[in-house]
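These notes are about the structure you will find just below.
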Number of protein chains: 2
Amino acid sequence: MLNKHDCKSELNDAQLRATPARIALMELFENSLEPLDVQTMIDYLQKRNITADNATVFRIVNAFTQKGLTRQIQLHENKFRYELAARGEHHHLICNVCGKIEDISDCKIEDFQDEISKKKKFVIKSHALEFYGTCNNCQK
Amino acid sequence: MLNKHDCKSELNDAQLRATPARIALMELFENSLEPLDVQTMIDYLQKRNITADNATVFRIVNAFTQKGLTRQIQLHENKFRYELAARGEHHHLICNVCGKIEDISDCKIEDFQDEISKKKKFVIKSHALEFYGTCNNCQK
DNA sequence: TAGTATTTGCGATAGACTTGCGTTAGTATA
DNA sequence: TATACTAACGCAAGTCTATCGCAAATACTA
Ligand SMILES: [Mn+2]
Ligand SMILES: [Mn+2]
Ligand SMILES: [Zn+2]
Ligand SMILES: [Zn+2]
């Protein structure tokens, strides 16, 4: 949860110029608990009266990802989502009813991964794991 | 691996009319080791001289999925893939070099899933797990 | 404050996928 | 086997996500 000034520094550190749209989007990422899609970013900028073409928003999030500020993920949708890379690789619980997306920080599949890697002679560089179901709220 | 006649029965059982394109695509699914994207299905039909508009192929695979014959999956691409639902839920090894996709039949994450479910009070209905890396062939 | 490289806006473009509508063709039943 | 009903199809247009080329704007640096 960084403020406007910190977001500027973050951009500078990544060798990205601190434009209004980029600063606002870094703030959005810092304050979001869920991974964001591009449409959400566009809507957010509009609410803050920051004009930004949608091609620009796609370019911004690509630049963020390329510089290692964000990570691109995908959750069985026909679009990508993005979240802060600094929060580390982790997994997600996705509610099929309300769409809520929750982080799972602890990964317990290392042993399984090692076993598969050996058995299949496959060098595993990364993995994606998501659980789909019904969240606590939506069970009532 | 079913023949043409069996594929017809499968379609009838699912209350789907057995058109040439549907029969051919069921055969393709039965004989494929990897999940298929729609373009692959279109190419296959062309090779067999079965005319099918691409809207039709999308409608076919949606019908298959809706009737439970196939399952829609997605492997961090901007498109969906489909595989036979009868083979059961399983996971995949995806080679970042050659694109090869291999099935992993044994799932060893049940304990982790139960733990998460309890901790987050989340009813888990399904999960997706994929490993990305370099296959045996591409390591040389 | 001027110079320059980076970033943006705009419009065109691409690819995956959907939809409306009139026609075709599987299937049931006689 | 002929008939009728409805599912399925072809075609064309449209939607949605994402990219690209180019000229204009703007953030940084000196
Ligand atoms: Mn997350
Ligand atoms: Mn598979
Ligand atoms: Zn929910
Ligand atoms: Zn490979």
Side-chain angles (χ1 to χ4, degrees), chain A residues 4-5 7-27 35-46 48-67 69-82 99, chain B residues 4-5 7-27 35-46 48-67 69-82 99:
Chain A
K4 183 169 176 171
H5 183 71
C7 288
K8 265 194 176 181
S9 321
E10 253 187 316
L11 290 168
N12 289 333
D13 293 349
Q15 294 169 309
L16 291 174
R17 290 186 177 179
T19 65
R22 284 176 173 177
I23 296 167
L25 289 180
M26 275 309 298
E27 287 175 26
L36 305 170
D37 61 17
V38 169
Q39 192 53 56
T40 302
M41 302 179 208
I42 291 170
D43 294 346
Y44 173 77
L45 292 175
Q46 262 176 355
R48 289 192 46 179
N49 290 317
I50 296 169
T51 59
D53 189 77
N54 97 6
T56 298
V57 178
F58 276 103
R59 278 188 285 228
I60 288 175
V61 81
N62 283 340
F64 284 6
T65 301
Q66 205 234 312
K67 294 293 187 179
L69 296 176
T70 55
R71 183 185 306 112
Q72 186 188 59
I73 65 172
Q74 131 269 54
L75 307 174
H76 213 139
E77 302 167 298
N78 59 344
K79 66 187 173 189
F80 289 106
R81 287 178 181 266
Y82 302 85
Chain B
K4 183 168 176 173
H5 183 72
C7 287
K8 265 196 175 181
S9 320
E10 253 187 317
L11 290 168
N12 289 333
D13 292 350
Q15 292 170 311
L16 291 173
R17 290 185 180 180
T19 66
R22 285 176 173 177
I23 296 167
L25 289 179
M26 275 309 299
E27 287 174 24
L36 305 169
D37 60 17
V38 169
Q39 192 54 55
T40 301
M41 301 180 210
I42 291 170
D43 295 345
Y44 174 76
L45 292 175
Q46 262 176 356
R48 289 193 46 180
N49 289 316
I50 296 168
T51 59
D53 190 77
N54 97 7
T56 298
V57 179
F58 276 104
R59 277 188 285 227
I60 288 174
V61 81
N62 282 341
F64 284 6
T65 301
Q66 204 234 312
K67 295 292 187 179
L69 297 176
T70 55
R71 182 186 305 112
Q72 187 188 59
I73 65 172
Q74 132 269 61
L75 305 175
H76 215 135
E77 304 165 298
N78 59 349
K79 66 186 173 190
F80 289 106
R81 288 179 180 265
Y82 302 85

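By convention in this document, chain letters (A, B, ...) are assigned in the order of the sequence lines, proteins followed by strands, and residues within each chain are numbered from 1. Here the structure is a predicted model, which means the values were calculated and not measured.
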Between C/dT6 (P) and A/Arg22 (CZ): distance, integer Å:
11 Å
Rounded to whole Å, how long is the line connecting atom CD of A/Gln15 with atom C1' of D/dA27?
15 Å
Main chain of A/Arg17, side chain of A/Arg22: is a donor-acceptor contact present, judged purely on distance under 3.5 Å?
yes
Length of the line joining B/Gln72:CD and C/dC17:C1', which is rounded to integer Å:
11 Å
I need the CZ-C1' distance between A/Phe64 and D/dA18, as an integer number of Å.
17 Å
Rounding to a whole Å, what distance do you find between B/Asp43:CG and C/dG15:P?
14 Å
Using the C1' atoms of the five pairs at each end, what is the angle between the end axes of the helix from C/dT1-D/dA30 to C/dA30-D/dT1, to 10°?
40°
In whole angstrom, give the distance that lies between atom CD1 of A/Ile50 and atom C1' of C/dG9.
16 Å
Residues which pass side-chain hydrogen bond (donor to acceptor under 3.5 Å, both in side chains) with A/Thr40, listed by chain and number, not counting sequence neighbours:
A/Asp37
Per-nucleotide protein contact string for nucleotides 18-30 of chain C, where B marks a base within reach and S marks sugar-phosphate only (heavy atoms under 4.0 Å, - for neither):
BBB----BBS---
Between B/Asp43 and B/Gln39, is any side-chain donor less than 3.5 angstrom from a side-chain acceptor?
yes
From CZ of A/Arg81 across to P of D/dC16 the rounded distance in Å is 16 Å
Has the side chain of B/Arg81 got a donor or acceptor atom that lies under 3.5 Å from a matching backbone atom of B/Pro35?
yes
Kindly compute the distance separating CZ (A/Phe80) from OG1 (A/Thr65), expressed to the nearest 0.5 Å.
10.5 Å
Nucleotide C/dA16, atom C1' - distance to CD of B/Gln39 in whole Å
10 Å
Heavy-atom side-chain proximity of A/Lys67 to A/Leu16 below 4.5 angstrom
yes
Is it the case that over 12 heavy atoms from other parts of the model lie below 6.0 angstrom from the NZ atom of B/Lys8?
no
Is B/Arg48 salt-bridged to B/Glu27, going by a charged N under 4.0 Å from an acidic O?
yes
Please report the interatomic distance OG1(A/Thr19) to CG(A/Leu11), rounded to the nearest 0.5 Å.
7.5 Å
